[in-house]
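Keep in mind that this is a model prediction, so the values were computed, not measured. Counting from 1, the numbers follow the sequence of the chain as shown.
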Amino acid sequence: MPKFSFARNFGVLLAVLVFVWPVAARTDSSRSDAGRLPVIVIPGLTGSELVNKNTGDKVWFSLSRAKDDDLRLPVTPDLKSNRDDLVPGDILRKIQIIRFTPEIEIYQKLIESLEKDGYSEGKIDEPPETGDADTFYIFSYDWRLDNVENSHILLEKMDRIRAKLKRPDLRFNVIAHSMGGLIARYAAMYGRADLSTGKMRPVWKGSSYFKSISMIGTPNGGSISALSSLIHGFSLFGVGRINIPFIRNLSKFDLFTIPSIYQLLPHDGQIRAFDENLKPVKIDIYDPANWEEFSWTAYSDRKFGDEFNVAGQKNARAYFRAVLLRAKLFQAALSVEPGRKNAVPIYYLGAECKPTLDGVVIYKDRQTKLWKTIFDLEEFTKLSAGKFTKAEIEKIFYSPGDGVVSRSSLTAHRPKEGQTTIVCGDHNRLAGQAEIDESLRGILNLPEQEPDEKNPNKAVKAKDFN
């Protein structure tokens with residue numbers, strides 16, 4: 001996300017036919033017979049490598065743009081058929097934005113924290129013999145695809161581990177960052193069921209796979225930054241909306257083809273939109289006509305014809321309608337009130353100390369008669385010419401959060417029994433942050449750490465939940 005770290009944190013996977021071996025189940029509690037239940041780590045949007053399955057070349061994350069590979073998927077109304085040659089590789093542990101500069105840790109600290117606490121990493125497709133205890137697995141996935149599809153793949157991977165280890169009853173503690181939390185939630189709530197245009201009722205068909213789900217910085221209510229990115233694209237360098245040549249940023253034309261980004265939009269009826277007088281405006285962002293009227297769609301741009309071939313141009317409007325409807329249905333499925341208490345304990349971990357983009361100004365320019373959409377506080381401040389105080393404008397554009405996900409989005413649709421840990425931190429750095437680690441340690445039933453010799457007064461117990 002601009003400054004869009006879903007985006008930062010931000011193929012084809014072969015379906016695996018798994019046969020459940022007819023063996024007697026062992027008693028399953030918070031610990032396996034040999035130790036603690038296994039953990040599955042799910043990264044967020046853009047948090048997995050994408051590799052060309054034919055050449056082996058890494059396309060994401062790569063310092064430079066590949067000549068023959070890009071991140072765009074084909075655009076047709078049949079979303080399931082829109083595939084290319086990219087498949088998921090490893091999780092992004094560290095990346096280097098500019099050559100010869102220090103690497104930036106993405107999920108390395110979280111991995112090191114698990115290893116420090118006595119977990120060993122296992123390959124999710126080839127689990128070790130002792131992989132039912134004290135083992136963590138990485139669920140890398142093609143983060144461009146529909147989140148429901150990836151939730152089904154997650155369950156297939158879990159089935160594969162169960163079958164390999166002859167543990168058909170084995171459950172997992174899941175640690176999911178950002179969009180990964182939506183994938184885990186859907187898998188637990190609906191199992192292998194697809195989306196429906198009718199009202200969906202969560203019956204927790206996937207609950208038997210999960211001991212717990214810990215969501216770190218997950219946008220359960222969506223994010224206005226997803227809308228900003230779809231309209232403008234985003235820059236990994238945080239230099240506004242500039243898409244620097246030869247540097248792997250994502251333009252609005254790239255994002256137009258990626259179904260998952262639409263599923264991060266603010267939920268239906270929840271967008272915080274205002275006019276030039278800072279009065280609330282009701283806008284249905286799931287009505288394609290509004291996108292076209294406001295010139296939000298990629299195909300509204302005069303450069304669209306240069307970016308897409310004839311087939312892409314022909315299919316653009318039908319594809320957009322299909323992907324937008326799919327996003328609305330996905331969010332509706334996650335937003336519905338459970339008919340009963342959650343069958344899986346879900347923990348909400350995030351931050352609220354950073355101003356987080358949470359509003360947009362939309363108005364029609366009186367001179368040009370064109371619609372203006374503003375996400376930038378400074379831009380609106382200049383246009384309003386002192387009409388409003390800085391505090392008034394900040395209140396419109398920002399809410400407390402982690403810089404990407406607001407606290408209100410993190411805890412949206414949280415049931416009464418849902419437990420929350422709120423710290424001060426940045427979205428990209430929450431996974432592996434000390435206070436978050438303490439809470440995870442309590443959730444995973446890990447032993448308390450020994451006191452820090454350099455700081456003996458430092459708290460080492462699991463953080464109490466709010």
Is the backbone N or O of [Y] less than 3.5 Å from a side-chain atom of [X], with the two atoms forming a donor-acceptor pair by type?
{"X": "Gln331", "Y": "Gln263", "value": "yes"}
{"X": "Asn52", "Y": "Asp57", "value": "no"}
{"X": "Arg162", "Y": "Leu170", "value": "yes"}
{"X": "Glu352", "Y": "Pro400", "value": "no"}
{"X": "Asp254", "Y": "Ser251", "value": "yes"}
{"X": "Thr218", "Y": "Ser178", "value": "yes"}
{"X": "Ser208", "Y": "Gly206", "value": "no"}
{"X": "Ser214", "Y": "Ile175", "value": "no"}
{"X": "Ser229", "Y": "Ser225", "value": "yes"}
{"X": "Trp204", "Y": "Val344", "value": "no"}

Please report the shortest heavy-atom distance between [X] and [Y], naming the atom on each side.
{"X": "Lys211", "Y": "Pro345", "answer": "O-CD, 3.3 Å"}
{"X": "Val41", "Y": "Leu110", "answer": "CG1-CD2, 3.9 Å"}
{"X": "Gly217", "Y": "His427", "answer": "O-CE1, 3.1 Å"}
{"X": "Ala351", "Y": "Leu430", "answer": "CB-CD2, 4.2 Å"}
{"X": "Arg93", "Y": "Ile138", "answer": "NH2-CG1, 4.3 Å"}
{"X": "Phe308", "Y": "Thr257", "answer": "CE2-CG2, 3.7 Å"}

Between Asn173 and Ser212, is any side-chain donor less than 3.5 angstrom from a side-chain acceptor?
-> yes
Ser260 and Asn147: side-chain donor and acceptor closer than 3.5 Å?
-> no
Does any non-hydrogen side-chain atom of [Y] lie less than 4.5 Å from one of [X]?
{"X": "Thr197", "Y": "Leu329", "result": "yes"}
{"X": "Tyr209", "Y": "Leu154", "result": "no"}
{"X": "Phe304", "Y": "Gln313", "result": "yes"}
{"X": "Phe139", "Y": "Ile153", "result": "yes"}
{"X": "Ile42", "Y": "Tyr141", "result": "yes"}
{"X": "Leu195", "Y": "Tyr190", "result": "no"}
{"X": "Ile362", "Y": "Val281", "result": "no"}
{"X": "Ser140", "Y": "Ile124", "result": "no"}

Side chain to side chain contact (heavy atoms under 4.5 Å, CB included) evaluation trace for Leu227 with Trp291 = CA-CA 10 Å; Leu227 178 62; Trp291 285 69; 3.6 Å; yes
Give the C-alpha distance, both sets of side-chain angles, the deciding distance and a yes or no for side chain to side chain contact (heavy atoms under 4.5 Å, CB included) between Leu324 and Leu265.
-> CA-CA 10 Å; Leu324 196 61; Leu265 288 166; 4.1 Å; yes
Hey, what do you get for [atom1] ([X]) to [atom2] ([Y]), rounding to the nearest 0.5 Å?
{"X": "Asp159", "Y": "Lys164", "atom1": "CG", "atom2": "NZ", "result": "13.5 Å"}
{"X": "Arg144", "Y": "Leu50", "atom1": "CZ", "atom2": "CG", "result": "5.5 Å"}
{"X": "Ile231", "Y": "Thr297", "atom1": "CD1", "atom2": "OG1", "result": "9.5 Å"}

Please list, one pair per line, the donor and acceptor atoms closer than 3.5 Å that link side chains of residues 179-189 to other protein atoms, with sequence neighbours excluded.
unit_1 : atom_1 : unit_2 : atom_2 : d
Arg185 : NH1    : Asn220 : OD1    : 2.7
Arg185 : NH2    : Leu334 : O      : 2.7
Tyr186 : OH     : Ala193 : O      : 2.9

Would Asn315 and Thr76 count as a side chain to side chain donor-acceptor pair (under 3.5 Å) if you check the C-alpha gap in whole Å, the side-chain angles of each, and the deciding distance to 0.1 Å?
-> CA-CA 5 Å; Asn315 291 324; Thr76 74; 5.8 Å; no
Under 6.0 Å from the six-membered ring centre of Tyr119 and within 45° of its axis: does the NZ or CZ of Arg36 meet both?
-> yes
Using the side chain to side chain contact (heavy atoms under 4.5 Å, CB included) rule, take Leu278 and Phe380 through it: C-alpha gap first, then chi angles, then the decisive distance, then the call.
-> CA-CA 10 Å; Leu278 302 187; Phe380 181 77; 3.6 Å; yes
Output yes when [X] and [Y] qualify as a salt bridge under the 4.0 Å nitrogen-oxygen rule, no when they do not.
{"X": "Lys123", "Y": "Asp125", "result": "no"}
{"X": "Asp169", "Y": "Arg171", "result": "no"}
{"X": "Asp194", "Y": "Arg326", "result": "yes"}

Should the heavy atoms of other residues, nucleotides or ligands under 6.0 Å from CZ of Arg192 be counted, would the total exceed 12?
-> yes
Within 6.0 Å of NZ in Lys252, more than 12 heavy atoms from elsewhere | yes
Does the gap between the ring centers of Tyr319 and Phe256 come in under 6.0 Å?
-> yes
Assign the ring pair Trp296 / Phe294 to parallel, tilted or perpendicular, where the plane angle (0 to 90°) is split at 30° and 60°.
-> tilted
Run the side chain to side chain contact (heavy atoms under 4.5 Å, CB included) check on Leu73 and Asp84 step by step: do they pass?
-> CA-CA 6 Å; Leu73 289 165; Asp84 57 13; 3.8 Å; yes
Criterion side chain to side chain donor-acceptor pair (under 3.5 Å) on Ser399 and Ser406, from CA distance to verdict = CA-CA 6 Å; Ser399 293; Ser406 67; 5.6 Å; no
